[in-house]
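Everything below concerns the one structure shown next.
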Amino acid sequence: MAETIFSKIIRKEMPADIVYEDDRMLAFRDITPQAPTHILIIPKEEIATANDITPEHDELIGAMVRTAATIAEREGIAGDGYRLVINCNGHGGQAVHHLHLHLLGGRPMTWPPG
Ligand code: DGP
């Protein structure tokens, strides 16, 4: 896949407000937040879209979701609730083609999404 801005953030060539990092993933605040808490959890492995997730990624994706829940707790939004979103391709509204999990919270979310 073509490299994205997120690869530069992973390599620390681009600044980001990083809130969590381990050997497999990185979490940082979204540059255009859509909610008081808006954090992106991304794998360090370059996976372009949700369509590119394979069975080998099952543990990684599970760990990303658990990390999102841990960050939500740390951010103080776990009790009130939050939303986890993965946008995929054009109709899903995916702008950056490096898989990422949006953690959104700090205000009530509407449903259905626009
Ligand atoms: P999506 O539409 O699901 O592909 O969301 C991409 C998100 O990435 C969008 O909410 C804005 C965020 N984003 C794009 N470029 C940067 C950047 O350079 N730094 C940070 N922190 N976030 C970025």
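Start at 1 and go down the list; that is how both ligands and their atoms are numbered. In what follows, every heavy atom counts, from backbone to side chain, and hydrogens, waters and symmetry copies are set aside. Count residues from 1 along the sequence.
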Point to revise | Side chain, backbone, both or neither: the part of Leu40 lying under 4.0 Å from ligand 1 by heavy atom | key: side chain
Practice item. Start with the C-alpha distance between Asp52 and Thr54, add both sets of side-chain angles, then the distance that settles side chain to side chain donor-acceptor pair (under 3.5 Å), and finish with yes or no. Key: CA-CA 6 Å; Asp52 302 300; Thr54 68; over 6 Å; no
Practice item. Search all heavy atoms of Glu13 against all heavy atoms of Arg11 and return the closest pair with its distance. Key: OE2-NE, 2.8 Å
Exercise for review: For Phe6, counting its heavy atoms only, list the atoms of ligand 1 lying under 4.0 Å from any of them.
Suggested key: 8 (O)
Check your understanding: Taking only heavy atoms of Phe28, which atoms of ligand 1 are found under 4.0 Å from at least one of them?
Key -> 20 (C), 21 (N)
Check your understanding: Is His100 near ligand 1, meaning one of its heavy atoms is under 4.0 Å from it?
Key -> yes
Check your understanding: Can you find an N or O of His38 that's nearer than 3.5 Å to an N or O of ligand 1?
Key -> no
Point to revise | Enclosure of Arg107 CZ (heavy-atom neighbours >12, cutoff 6.0 Å) | key: yes
Study note, to complete from the structure: Taking only non-hydrogen atoms of Val96 and a 4.0 Å limit, the atoms of ligand 1 in range are 4 (O), 6 (C)
Review point. Would you call Ala16 a ligand 1 contact, heavy-atom distance under 4.0 Å?
Key: no
**Study point:** Where Ala68 and Leu101 come nearest, the two heavy atoms and their spacing
**Key:** CB-CD2, 4.0 Å
Point to revise | Element-labelled atoms of ligand 1 that are located less than 4.0 Å from some non-hydrogen atom of Asn87 | key: 1 (P), 2 (O), 3 (O)
**Study point:** Backbone or side-chain N or O of Ile5 under 3.5 Å from ligand 1 N or O
**Key:** no
Study note, to complete from the structure: Ranked by distance from atom 2 (O) of ligand 1, the top protein heavy atom is Gly93 O, 2.8 Å
Exercise for review: Would you mind checking which non-hydrogen protein atom is closest to atom 22 (N) of ligand 1, with the distance to 0.1 Å?
Suggested key: Ile31 N, 3.2 Å
Check your understanding: Would you call Lys12-Glu21 a salt bridge at under 4.0 Å N-O?
Key -> yes
Exercise for review: For side chain to side chain donor-acceptor pair (under 3.5 Å), just list the numbers for Glu46 and Ser7, CA-CA rounded to whole Å, side-chain angles, deciding distance to a tenth of an Å, and then say yes or no.
Suggested key: CA-CA 8 Å; Glu46 291 181 351; Ser7 293; 2.6 Å; yes
Review point. Closer than 4.0 angstrom: is that true for some heavy atom of Ile9 and an atom of ligand 1?
Key: yes
Exercise for review: May I ask you to list the atoms of ligand 1 that are less than 4.0 angstrom from any heavy atom of Ala95?
Suggested key: 1 (P), 2 (O), 4 (O)
Point to revise | Contacts of type salt bridge (Lys or Arg N to Asp or Glu O under 4.0 Å), residue Asp17, not counting sequence neighbours | key: Arg29
Exercise for review: Pull out every atom of ligand 1 sitting under 4.0 Å from any heavy atom of Thr32, numbered as shown with elements.
Suggested key: 10 (O), 11 (C)
Exercise for review: Looking only at protein heavy atoms, identify the closest one to atom 7 (C) of ligand 1 and say how far it is in Å.
Suggested key: Asp30 OD2, 3.4 Å
Practice item. Measure the distance from atom 21 (N) of ligand 1 to every protein heavy atom, then report the residue, atom name and distance (to 0.1 Å) of the closest one. Key: Arg29 O, 2.9 Å
Practice item. Please confirm whether Gln94 comes within less than 3.5 Å of ligand 1 when only nitrogen or oxygen atoms on both sides are compared. Key: no
Review point. Does one side chain, of Gln94 or His100, offer a donor that lies under 3.5 Å from an acceptor on the other?
Key: no
Check your understanding: Under the ring pair (Phe, Tyr, Trp, His ring centres under 6.0 Å) rule, what pairs show up with a residue in residues 28-51, not counting sequence neighbours?
Key -> Phe6-Phe28, His38-His102
**Study point:** Glu73, CD: over 12 other non-hydrogen atoms inside 6.0 angstrom
**Key:** no
**Study point:** Where Lys44 and Asp22 come nearest, the two heavy atoms and their spacing
**Key:** NZ-O, 2.7 Å
Exercise for review: Give a yes/no verdict on whether any heavy atom in Gln34 is under 4.0 Å from an atom of ligand 1.
Suggested key: no
